[in-house]
Amino acid sequence: MRKVSLVLFGAVLGAGTATVATQTHLLSSTSAVAASAETYRQLSLFGDVFEKIRTDYVEKPDEGKLIESAVNGMLTSLDPHSSYMDAKSFRDMQVQTKGEFGGLGIEVTMEDGLIKVVTPIDDTPAARAGLLANDIITMIDNDQVQGLTLNQAVDKMRGPVNSPVKLKITRKEAKDPIEVTLNRDLIRIKPVRSRTEGGDIGYIRLTQFNEQTFDGLKAAVEKISNDLPGDKLKGFIIDLRNNPGGLLDQAVMVSDAFLDRGEIVSTRGRNPDETQRFSAKSGDLTKGKPVVVLVNGGSASASEIVAGALQDHKRATVLGTRSFGKGSVQSIIPLGGNGALRLTTARYYTPSGRSIQAKGIEPDQEVLQDVPEELKGKDETKGEAGLKGHLKQKDTEERGGSSAYVPPDPAKDKQLIAAVDFLHGVQKGAANTAKSAVPNPN
């Protein structure tokens with residue numbers, strides 16, 4: 001399976017990152033526990049080791065890099081989702097969550113060391129300049145692309161809105177290389193894609209949870225409801241497959257779109273007074289239409305918050321394969337001009353009080369795809385339980401990953417077909433129940 005990146009898309013959020021709003025405080029707080037004498041002794045040891053490396057290593061080390069590596073090592077020893085982000089990585093993460101940036105609007109991949117266009121995004125500089133799928137980008141602003149990583153090439157193509165960038169491309173049917181100069185524009189990544197399915201069902205795919213997700217979902221529901229008015233609309237399919245997560249507040253808002261009342265999710269930190277509960281407000285965007293949620297082994301974190309909330313409230317039927325199982329929340333803590341920490345600060349719990357950490361959301365109906373022979377054995381994710389150093393749960397059976405394969409042809413997508421069949425056959429039941437039946441946990 002090819003590695004694909006949206007040009008100027010920013011850093012990938014990783015295997016399901018549910019992040020809270022960026023915090024502005026640093027690491028000091030009134031509740032901080034005083035460091036012990038042993039802690040200070042260990043810090044002194046770190047200073048001794050650092051000084052020895054700085055003075056005696058065979059080559060002069062980059063002292064800044066040494067400090068960054070030490071900080072990152074400290075954080076990654078905690079769990080797989082805590083890490084240090086340097087200033088550039090922090091900016092990339094902010095671009096990712098914001099969902100808009102200055103760029104060209106092309107989806108690219110790397111094949112055999114070459115940067116290849118997957119597709120231009122509609123109504124962007126790349127589309128207007130006539131770039132086509134399978135074009136090979138050989139030069140960016142007179143610099144050779146060969147030898148660059150995919151991220152390095154992406155970085156060279158990003159920049160301020162209205163600034164020019166020159167590309168040289170080769171095209172299979174063109175005899176000579178093609179040179180084009182494009183002006184970067186504000187590119188908005190659409191995390192929501194929608195269509196009607198079977199003439200009477202609304203299909204909405206959420207690819208990530210960034211700042212644009214809820215607004216995109218709301219617009220999609222409204223459009224589908226207008227296109228299929230009244231009894232013609234049988235229900236909605238919300239496709240969260242291979243959605244790695246994103247912003248916690250967006251997961252809450254998306255869940256709230258289908259609920260009239262009740263708890264959506266709670267987050268519980270190290271101290272009992274850090275518990276937060278998020279509840280639904282009155283108003284169901286779909287007016288009680290049946291809902292099916294599709295999940296698989298690539299559905300993580302914020303995706304699992306939505307699936308878990310709608311499943312617990314019996315508002316939707318969850319269909320597919322077991323989700324990833326990431327039940328922790330990361331806070332982004334800026335460090336001035338020195339980047340930021342991504343620190344795991346809480347676990348989240350579904351409305352019924354269950355944690356899916358290293359366990360995942362079990363679908364109400366398991367539907368397996370027909371996986372091509374060449375992908376068999378490669379279609380399953382490790383899941384949270386397969387990640388080294390993941391947070392453990394007492395007295396809880398951990399579950400590994402499940403298949404994350406989705407056929408490119410919807411006609412061969414057994415999970416989608418099953419969801420359509422379910423909505424065509426549903427009269428009353430879990431997917432058609434809008435009222436909450438879940439008590440708040442103590």
Side-chain angles (χ1 to χ4, degrees), residues 1-5 12-18 80-81 109 118 191 193 197 203-209 236-246 251 291-311 316-328 350 354-388 390 393 396-423 430-431:
M1 289 181 281
R2 299 179 301 182
K3 178 182 179 183
V4 175
S5 171
V12 174
L13 282 179
T17 303
H81 308 294
T109 186
V118 175
R193 301 171 186 175
E197 192 74 33
Y203 170 87
I204 302 175
R205 166 132 176 78
L206 308 185
T207 59
Q208 61 176 294
F209 288 85
F236 289 88
I237 297 170
I238 308 300
D239 191 348
L240 298 176
R241 293 175 298 178
N242 295 329
N243 181 325
V291 177
V292 172
V293 174
L294 297 180
V295 297
N296 66 8
S299 306
S301 199
S303 296
E304 294 172 295
I305 289 174
V306 174
L310 300 187
Q311 185 181 56
T317 294
V318 178
L319 189 150
T321 59
R322 186 176 57 255
S323 64
F324 189 86
K326 180 181 174 294
S328 61
T350 71
R354 58 179 171 144
S355 169
I356 54 85
Q357 172 64 16
K359 186 177 180 181
I361 297 288
E362 293 285 351
D364 299 307
Q365 293 187 17
E366 183 180 50
V367 179
L368 302 176
Q369 303 278 18
D370 292 329
V371 180
E373 284 295 329
E374 65 271 17
L375 293 179
K376 284 185 177 177
K378 302 176 183 178
D379 63 305
E380 291 199 357
T381 63
K382 288 183 178 180
E384 180 76 9
L387 298 181
K388 184 178 179 181
H390 68 273
Q393 287 201 82
T396 299
E397 179 186 358
E398 294 188 347
R399 303 294 303 272
S402 70
S403 178
Y405 175 71
V406 179
D409 182 358
K412 297 180 180 178
D413 187 342
K414 293 179 69 174
Q415 292 165 351
L416 176 60
I417 293 168
V420 171
D421 289 344
F422 182 89
L423 289 173

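Computed from a predicted structure; not experimentally measured.
- Between the side chain of E304 and the backbone N or O of S301, at least one donor-acceptor pair lies under 3.5 Å.
- The two residues L416 and R241 have their closest heavy-atom pair at N-NH1, 4.3 Å.
- In terms of modelled atom types and a separation under 3.5 Å, the side chain of S323 and the main chain of G297 share no donor-acceptor contact.
- Between the side chain of N296 and the main chain of N242, a donor-acceptor pair closer than 3.5 Å is present.
- Of all heavy-atom pairs spanning L387 and P80, the tightest one is CB-CG, 3.7 Å.
- The shortest side-chain heavy-atom distance between V367 and F422 does not fall under the 4.5 Å cut-off.
- Checked for salt-bridge contact, K326 and E384 miss the test: no charged N lies under 4.0 Å from a carboxylate O.
- The shortest heavy-atom contact between L294 and A419 is CD2-CB, 4.0 Å.
- Put simply, OG on S403 and NZ on K376 are 11.0 Å apart, with the number rounded to the nearest 0.5 Å.
- Nearest heavy atoms, A302 versus G246: CB-N, 3.8 Å.
- The CD atom of E380 sits 6.5 Å away from the OG atom of S402 when rounded to the nearest 0.5 Å.
- Between Q311 and V293, every side-chain heavy-atom pair lies at or beyond the 4.5 Å cut-off.
- Residues R322 and E366 are not in side-chain contact: their nearest non-hydrogen atoms beyond the backbone lie 4.5 Å or more apart.
- With hydrogens and angles ignored, the 3.5 Å screen pairs a side-chain donor or acceptor of N243 with a backbone N or O of L206.
- Atom CG of D413 sits about 9.0 Å away from atom CG of D409, to the nearest 0.5 Å.
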I would like to know whether F209 and S303 meet side-chain contact (heavy atoms from CB on, under 4.5 Å); could you show each step before the answer? CA-CA 8 Å; F209 288 85; S303 296; 3.6 Å; yes
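- One side chain, H390 or E398, offers a donor N or O that lies under 3.5 Å from an acceptor on the other.
- When every heavy atom of A404 is checked against every heavy atom of T381, the shortest pair comes out as CB-CG2, 3.8 Å.
- Using a 4.5 Å heavy-atom threshold, the side chains of V318 and V295 count as touching.
- One distance of note links CG of L319 with CG of D239; it measures 10.5 Å at 0.5 Å rounding.
- When side chains are defined from C-beta on, S355 counts as touching Q393, because their heavy atoms get closer than 4.5 Å.
- Ion pairing between a basic and an acidic side chain is recognised when a charged N comes within 4.0 Å of a carboxylate O; K412 and D370 show no such pairing.
- At least one side-chain heavy atom of Y405 sits less than 4.5 Å from a side-chain heavy atom of P372.
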Working for side-chain contact (heavy atoms from CB on, under 4.5 Å), residues L423 and I237: CA-CA 9 Å; L423 289 173; I237 297 170; 3.7 Å; yes
Any chance you could lay out the salt bridge (Lys or Arg N to Asp or Glu O under 4.0 Å) test for E362 and R399, step after step, and finish with the verdict? CA-CA 10 Å; E362 293 285 351; R399 303 294 303 272; 2.9 Å; yes
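- Within the 3.5 Å criterion, the main-chain N or O of K414 finds a donor-acceptor partner in the side chain of Q369.
- Closest approach of P363 to G320, counting heavy atoms only: CG-O, 3.5 Å.
- Here the straight-line distance linking atom OG1 of T396 with atom CD1 of I356 works out to 11.5 Å at 0.5 Å rounding.
- Between the OG1 atom in T321 and the CG atom in D379 there is a gap of 9.0 Å [rounded to 0.5 Å].
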